[in-house]
Amino acid sequence: MKTDKFDINNNKYLITGAASGIGKATALLLSERGADLILADIDQDGLAETAKLCSTNTKLLSFDLSDTDNITTSITFAVKDFGKLHGIVHAAGVPYISPLKAITQERLRKTFDINTFAALQLAKAFCNKNVYEQTEAGNSIIFISSIYASVGSSSNSGYAMSKAAIEGLTKALAVELAPRKIRVNCIAPGFVKTPMDKNIATYFDSEHEILVEKLHPLGLGEPLDVACAVAFLFSDAAKWITGTVMHVDGGFTAQ
């Protein structure tokens with residue numbers, strides 16, 4: 001039995017969105033703490049770069065998360081030689097900035113495929129007894145949501161819907177999977193300095209960027225801030241935490 005409840009050394013995790021941003025920061029932190037990792041993303045070059053920076057065993061899994069039918073097959077095949085997993089974190093996601101009148105079903109469906117439906121399919125794949133390693137303290141599924149699942153923002157309906165659904169999924173699965181000692185939690189970040197948020201910023205002028213930063217009493221976040229929350233929720237120190245939405249947002253939603 002591990003005496004250090006925060007110890008994740010020799011555990012195995014799957015991280016989606018591992019090529020950049022929060023996913024990449026999470027991979028580097030977990031590897032630094034001794035975990036072996038399956039790194040998943042559609043960006044093969046980014047995955048290779050993340051793997052180079054990791055100090056533990058890694059396996060690269062390049063697939064399109066919008067092809068949800070392929071997720072279970074890919075993960076099941078990957079763990080055969082890598083070993084069973086202790087947890088997964090769905091850090092991949094896409095934004096959808098659009099006023100209501102311009103929202104299209106095609107773009108909305110793509111957003112939900114990656115942000116929401118892939119999360120459900122990842123959880124389904126993980127719960128196969130051939131995929132997850134049963135442990136005394138249990139296992140862990142973590143979804144990355146957003147403050148915009150609970151805070152309104154203009155021209156953000158499609159993205160907000162996809163993330164609000166993630167939080168509902170978290171609570172439902174937490175209850176359903178508790179008898180199997182699989183914990184399900186969600187992290188809702190504020191604005192984090194990632195390539196995705198830089199892309200979102202191009203939709204707005206500099207005055208809006210200043211306003212957004214002021215909405216965070218502690219300032220804008222770094223990918224590592226979210227990665228640290230992931231490491232905690234994966235550890236045995238969080239063995240009595242499930243169904244929780246953890247806001248890691250510099251105080252944004254405290255106001």
Side-chain angles (χ1 to χ4, degrees), residues 12-31 35-54 56-82 85 87-98 104-126 128 131 141-146 148 158-159 161-163 165-166 169 186-187 189 192-203 223-224 226-227 230:
K12 300 179 187 295
Y13 302 105
L14 182 145
I15 305 168
T16 69
S20 65
I22 291 171
K24 181 176 182 178
T26 299
L28 300 185
L29 177 63
L30 297 185
S31 178
D36 295 331
L37 307 168
I38 296 179
L39 307 175
D41 204 295
I42 197 171
D43 178 1
Q44 296 185 37
D45 292 338
L47 278 182
E49 178 63 26
T50 299
K52 285 181 183 179
L53 298 173
C54 289
T56 50
N57 294 328
T58 60
K59 183 178 182 65
L60 306 188
L61 192 59
S62 178
F63 63 80
D64 184 354
L65 283 167
S66 64
D67 181 11
T68 53
D69 291 339
N70 189 43
I71 290 176
T72 298
T73 302
S74 298
I75 292 176
T76 302
F77 182 78
V79 300
K80 283 185 177 179
D81 59 345
F82 184 78
L85 302 173
I88 61 171
V89 54
H90 182 37
V94 293
Y96 185 18
I97 306 299
S98 174
T104 66
Q105 288 296 315
E106 181 181 358
R107 280 291 307 279
L108 189 62
R109 189 176 298 110
K110 181 76 171 180
T111 302
F112 266 77
D113 279 345
I114 295 174
N115 293 357
T116 311
F117 300 144
L120 177 63
Q121 197 63 37
L122 284 162
K124 188 175 181 180
F126 179 75
N128 187 315
V131 171
I141 295 172
I142 302 171
F143 300 130
I144 304 298
S145 177
S146 166
Y148 288 122
Y159 180 75
M161 286 171 61
S162 72
K163 292 302 187 177
I166 283 287
L169 176 65
C186 186
I187 298 171
V192 177
K193 298 174 185 177
T194 67
M196 187 177 86
D197 279 321
K198 286 182 181 179
N199 180 52
I200 293 173
T202 63
Y203 288 87
L224 182 59
V226 183
V230 172

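One-based numbering along the sequence shown.
Rounding to the nearest 0.5 angstrom, the gap separating the CZ atom in F117 from the CD1 atom in I166 is 10.0 Å. Between I88 atom CD1 and I141 atom CD1 the span is 5.0 Å, to the nearest 0.5 Å. Separation of atoms OG1 (T116) and CG (L169) is listed at 8.5 Å; rounding is to 0.5 Å. To the nearest 0.5 Å, atom CG of residue D41 and atom OG1 of residue T50 are 8.0 Å apart. From M161, atom CE reaches atom OG1 of T111 across 10.0 Å, with rounding to the nearest 0.5 Å.
Note: H90 and F143 have perpendicular aromatic rings, judged against thresholds of 30 and 60 degrees for the angle between ring planes.
Heavy atoms only, all atoms of each residue included: S62 and Q44 are closest at OG-CG, 3.1 Å. Contact detail for A51 and L60: the closest heavy-atom pair is CB-CD2, 3.7 Å. A27 approaches L39 most closely through the heavy-atom pair CB-CD2, 3.7 Å. Nearest heavy-atom pair across A165 and F112 is CB-CE2, 4.4 Å. When all heavy atoms of P223 and G21 are compared, the closest pair comes out as CB-O, 3.7 Å.
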- Item | Worked verdict on V131 versus L85 for side chain to side chain contact (heavy atoms under 4.5 Å, CB included) | CA-CA 6 Å; V131 171; L85 302 173; 4.1 Å; yes

- Message: Between L28 and C54, is the side chain to side chain contact (heavy atoms under 4.5 Å, CB included) condition met? List the steps.
- Response: CA-CA 6 Å; L28 300 185; C54 289; 4.0 Å; yes

- Task: Tell me, with the steps shown, if Q121 and T72 meet side chain to side chain contact (heavy atoms under 4.5 Å, CB included).
- Result: CA-CA 7 Å; Q121 197 63 37; T72 298; 3.0 Å; yes

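By the 4.5 Å heavy-atom criterion applied to side chains, K124 and I71 are not counted as neighbours. Considering only heavy atoms from C-beta on, L108 comes within 4.5 Å of Y96 through its side chain. Residues P189 and I22 form a side-chain contact, since some pair of their non-hydrogen atoms from C-beta on lies under 4.5 Å apart. Counting only heavy atoms from C-beta outward, the side chains of V226 and I187 approach each other to under 4.5 Å. Between K163 and N115 there is a side-chain heavy-atom pair separated by less than 4.5 Å. Counting heavy atoms from C-beta on, the side chains of L61 and L14 come closer than 4.5 Å. Side-chain atoms of I97 and Y159, non-hydrogen and from C-beta on, never get closer than 4.5 Å to each other. Counting heavy atoms from C-beta outward, I75 and L122 have side chains that approach closer than 4.5 Å.
Each of T26, D36, T56 was evaluated against S31; a single residue qualifies, T56, per the side chain to side chain donor-acceptor pair (under 3.5 Å) test. I42 pairs in a side chain to side chain contact (heavy atoms under 4.5 Å, CB included) with only one of the listed residues (I114, L65, D64), which is D64.
In this structure, a donor-acceptor pair under 3.5 Å is present between the side chains of N70 and S74.
Shown here are the side-chain hydrogen bond (donor to acceptor under 3.5 Å, both in side chains) partners of T58, two or more places apart in sequence or in another chain: there are none.
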